[in-house]
**Q** 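Starting off with a structure, shown below.
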Amino acid sequence: MFLLLKRTNNCGELRKKDAGKEIILNGWIDRIRDLGGIKFILLRDRYGKTQVFFDPNENNELYERAVTLGIEYTVAIKGIVKERPAEAVNSDMETGEIEILAKDLEIFSKSETPPIYVNREEDIAETTRLKYRYLDLRKERLQRNLFIRHKAMQATRKYLSENNFMEIETPYLTKSTPEGARDFVVPSRIKSGNFYALPQSPQIFKQLLMVSGFDRYFQIARCFRDEDFRADRQPEFTQIDIEASFVEMEDILNFGEGVVKAVFQETIGYIPETPFKRMTYAYATDTYGSDKPDTRYGMELKDITEYFKDNCTDFIAEVIKNGGCIKGFEVKNKASLFSRKKFDEYTDLAKSFGAAGLMWIAKDKDKAEPRSSIKKIAQKEINEIINDGIIEEDSIFFALSGERKVINKILGQLRNTVIREETEKAKGFDISWITDFPMFAWDEEENRLVAEHHPFTMPKIDEFEKYADDPLRINGQCYDLVINGYEMASGSVRIHRQDIQKKVFEMIGLSEEQINSKFGFLIEAFKYGPPPHAGMALGMDRLVAVITGEDSIKEVIAFPKTATGSDPMSDAPSVLDEKQLKELKIDVKN
RNA sequence: GGGGACGUGGUGCAGAUGGUUAGCAUGCCGGUCUGUCACACCGGUGGCCGCGAGUUCGAGUCUCGUCGUCCCCGCCA
């Protein structure tokens with residue numbers, strides 16, 4: 001028999017009421033406390049920890065064997081559940097009222113001294129954590145995060161299934177599409193010289209499923225994008241992908257709220273208020289400088305152009321004359337923490353974001369004279385702004401002058417930096433829908449119109465007709481869900497009318513030929529009665545990260561990759577051997 | 001593609017202005033200890049200072065390059 005001592009209980013469940021029972025636990029040795037005559041060990045599995053003790057007076061042979069135990073050995077303990085003596089109760093432990101008097105011990109496997117200490121919370125280099133991910137995953141934090149992720153997936157499936165959505169899988173080996181992110185590609189051996197692309201999302205397939213009559217579809221789908229990675233971006237990530245037919249935007253928002261609510265409730269018991277608050281893209285960008293604002297931190301952008309309308313400093317007068325504005329935001333209670341050097345750093349930062357310079361005003365506590373970068377040119381204006389209460393005592397005001405949209409964006413980035421670097425992390429969840437995104441954006445690099453969301457997004461029909469010759473004014477029927485400053489979901493009503501789709505492709509400069517070679521199968525499908533449909537995709541990794549309070553989605557993915565897309569554990573990506581390359585007819589140039 | 005930070009025993013960190021023996025904590029090993037719970041105490045082990053050039057009598061420290069990691073900008077429909 002292979003497993004001699006098979007567990008009867010897990011390490012998190014025994015209580016006082018179990019006293020006297022003979023049980024077997026299996027698990028890892030979390031900690032050893034050897035007092036010479038009596039030896040305590042903590043045994044750990046994913047359900048918890050239980051204290052076991054070895055008493056030489058009870059069984060000296062067993063005690064001698066226990067002396068050889070080391071941290072992270074995997075063992076079975078057979079023993080009797082004992083109520084702990086009153087003075088030895090540990091009220092910080094779930095199982096702290098009991099302990100196990102060991103009667104038998106089986107060592108399943110030994111462990112070398114681990115590079116990561118499972119029993120301790122300490123900062124470890126990310127590379128080490130990833131190289132020994134299986135050990136990092138033993139730790140409480142990741143065990144909890146992955147459990148919450150599991151619950152989130154179950155809640156998603158339950159809610160959507162109960163609402164008639166069918167879970168359908170779509171291919172991972174698919175066709176490269178233009179627009180959007182760079183594709184990860186997979187060479188075809190049988191059709192050498194041809195490549196599959198891994199899907200950036202199941203977008204086209206789910207629309208085809210709508211054509212097929214699966215009027216409510218969902219999938220917890222892996223997506224792949226070959227771009228540069230960040231704390232909230234991995235080369236592969238998971239989306240809750242949703243699509244429905246015969247619906248309009250409101251229906252999708254409703255389902256989206258349903259999923260998010262179910263996930264919050266089933267994971268941490270938090271019930272978000274519904275309906276979620278909404279703001280338009282125009283409002284969000286003008287008020288927060290971002291289309292994914294975290295409103296918990298305040299610091300709304302204020303237009304202070306009025307104060308400067310009589311100022312004759314060149315750059316200010318110029319901006320106002322050209323229809324630009326001066327806007328900024330207040331950082332409360334930080335004046336005393338900002339030295340001249342720090343203001344200079346923020347000025348450099350603003351410049352790196354594309355600003356010409358940064359205006360700052362600091363109203364120091366108990367000092368009559370404010371500090372400011374524009375003191376010499378705007379003494380009067382500064383005083384008026386302070387007198388009007390726009391800058392409170394001990395607060396700072398950062399401002400920029402220029403074209404409204406441009407400075408909104410830079411102020412938004414500065415605001416995010418202040419939030420990240422200077423502000424204590426806010427509690428709770430800030431959930432909002434952002435609506436009325438522009439349909440198109442101008443791509444400076446390619447010198448053409450591009451789809452802001454994706455080219456299957458239905459424009460607002462009235463605007464589409466009205467602004468046919470000024471497409472940047474057209475808004476799309478699309479929406480984002482933002483939670484705590486993260487873009488959590490994104491979706492749209494899709495185009496089901498061939499005439500509109502054709503027009504949109506034309507506007508973004510796709511030729512008939514390109515359309516046919518890239519999306520031909522979708523266009524073809526839409527000849528056969530496509531229903532009106534709409535959908536969205538929720539970022540599972542980000543959602544779970546927000547719920548668990550993690551800043552990086554790496555903390556909610558079992559085996560994540562580094563910022564350069566590598567895996568220190570398996571050493572992926574790696575070179576292929578000659579034989580594989582030959583089969584694929586691939587020559588690697590250097 | 002650009003900017004910033006970092007790389008020193010297994011792990012986490014310290015090593016002003018270059019100076020001979022690279023320090024601390026923890027782990028690990030050994031010892032003492034019968035109620036610990038981050039057990040305690042005593043002793044010990046452990047380092048090509050990411051890698052490669054260069055400057056110098058002398059480099060963990062300075063310069064250049066390179067590799068890796070993290071954060072940010074660009075990018076991410």
Side-chain angles (χ1 to χ4, degrees), chain A residues 30-42 49-58 63 70-72 82 84-93 95-96 99 112-132 135 177-183 200-201 203-204 223-235 237 345 348-355 409-410 413-414 416-417 420-421 437 439-441 443-445 449-457 476 478 487 490-492 504 508 537 539 551-552 554 561-564 566 568:
Chain A
D30 190 67
R31 213 169 265 282
I32 301 169
R33 290 184 286 270
D34 192 339
L35 274 65
I38 187 168
K39 189 182 180 77
F40 296 97
I41 64 169
L42 270 186
K49 294 171 186 176
T50 299
Q51 176 163 280
V52 178
F53 71 107
F54 295 86
D55 187 341
N57 295 330
E58 290 276 338
Y63 177 82
I71 297 280
E72 299 306 322
K82 296 274 189 187
R84 290 198 195 185
E87 68 279 8
V89 168
N90 185 341
S91 54
D92 295 333
M93 272 176 82
T95 60
E99 58 192 344
E112 290 183 15
T113 302
I116 287 178
Y117 274 77
V118 178
N119 61 20
R120 190 167 20 164
E121 274 313 312
E122 63 182 344
D123 286 332
I124 301 161
E126 284 239 19
T127 325
T128 312
R129 292 184 59 196
L130 292 180
K131 184 165 179 193
Y132 300 97
L135 290 179
T177 52
E179 302 288 298
R182 216 172 276 122
D183 291 313
Q200 297 173 26
S201 80
Q203 185 62 35
I204 292 174
C223 306
F224 308 85
R225 294 178 190 176
D226 186 6
E227 295 293 344
D228 286 355
F229 313 119
R230 292 286 163 76
D232 63 345
R233 279 163 25 193
Q234 282 271 307
F237 60 99
E345 283 166 13
D348 287 344
L349 189 71
K351 284 179 183 167
S352 78
F353 292 150
K409 185 174 179 200
I410 300 168
Q413 290 177 324
L414 285 173
N416 281 342
T417 308
R420 197 172 53 241
E421 313 258 323
F437 281 77
M439 181 77 189
F440 301 106
D443 187 319
E444 294 285 349
E445 237 170 76
L449 213 57
V450 292
E452 179 77 24
H453 185 66
H454 60 58
F456 316 113
T457 300
C478 50
E487 182 190 315
S490 191
S492 64
V504 169
I508 60 174
D551 290 328
S552 168
K554 286 196 195 98
K561 295 187 175 55
T562 68
T564 53
S566 64

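Naming convention: chains lettered A, B, ... in sequence-line order (proteins, then strands); numbering from 1 in each chain. The figures that follow rest on heavy atoms only: side chains count, while hydrogens, waters and symmetry mates do not.
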**Q** Does Gln413(A) place a side-chain N or O at less than 4.0 Å from the phosphate oxygens OP1/OP2 of G3(B)?
**A**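 So the side-chain polar atoms of Gln413(A) never come under 4.0 Å of the phosphate oxygens OP1 or OP2 of G3(B).
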**Q** Is the distance from OP1 or OP2 of U69(B) to the nearest side-chain N or O of Thr564(A) less than 4.0 Å?
**A**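 Yes, because at least one side-chain N or O of Thr564(A) sits under 4.0 Å from OP1 or OP2 of U69(B).
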**Q** Ignoring hydrogens and angles, does a donor from either the side chain of Asn57(A) or the base of U34(B) sit under 3.5 Å from an acceptor on the other?
**A**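 Check passes, donor-acceptor contact within cut-off.
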**Q** Is there a donor and acceptor pair closer than 3.5 Å between the side chain of Arg233(A) and the base of C76(B)?
**A**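 Result: at least one qualifying N/O pair found.
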**Q** Give Ile116(A) one of three labels, base, sugar-phosphate or nothing, depending on what nucleic acid heavy atoms sit under 4.0 Å from its own.
**A**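 Ile116(A): no heavy atom of the nucleic acid under 4.0 Å.
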**Q** Arg33(A) side chain N/O closer than 4.0 Å to the phosphate oxygens (OP1, OP2) of U36(B)?
**A**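 Looking at the OP1 and OP2 atoms of U36(B), neither is under 4.0 Å from any side-chain N or O of Arg33(A).
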**Q** Between C48(B) and G60(B), how far apart are the C1' atoms? Round to whole Å, please.
**A**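 Here G60(B) and C48(B) have their C1' atoms 12 Å from each other.
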**Q** Any base atoms under 4.0 Å from Gln51(A), or only sugar-phosphate, or nothing? Heavy atoms, all strands.
**A**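 Answer is base: heavy atoms of Gln51(A) come under 4.0 Å of a base.
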**Q** Would one find a side-chain N or O of Arg31(A) under 4.0 angstrom from OP1 or OP2 of C39(B)?
**A**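 Yes, such a contact exists.
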**Q** So, under a plain 3.5 Å distance rule, would you say the side chain of Arg230(A) forms a donor-acceptor pair with the base of C70(B)?
**A**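 Check fails, no donor-acceptor contact within cut-off.
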**Q** Would you say a side-chain N or O of Arg120(A) is under 4.0 Å from OP1 or OP2 of G12(B)?
**A**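 It does not, given that no N or O in the side chain of Arg120(A) lies less than 4.0 Å from OP1 or OP2 of G12(B).
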**Q** Name the nucleic acid region contacted by Pro115(A), choosing base, sugar-phosphate or nothing; use a 4.0 angstrom heavy-atom cut-off, strictly under.
**A**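 Sugar-phosphate, backbone atoms only, no base.
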**Q** Need one value for Lys351(A): base, sugar-phosphate or nothing, where a base atom within 4.0 Å counts as base even if backbone is also close, heavy atoms only.
**A**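 Lys351(A): no heavy atom of the nucleic acid under 4.0 Å.
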**Q** Report yes if the side chains of Val504(A) and Phe440(A) come closer than 4.5 Å at any heavy-atom pair, otherwise no.
**A**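 Answer yes - side chains close enough.
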**Q** Contact class for Asp228(A) (heavy atom, under 4.0 Å): base, sugar-phosphate, or nothing?
**A**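 Base contact.
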**Q** So for Asn90(A) and C37(B), does any side-chain atom that can act as donor or acceptor lie under 3.5 Å from a complementary atom in the base?
**A**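 Yes, the side chain and the base share a sub-3.5 Å donor-acceptor pair.
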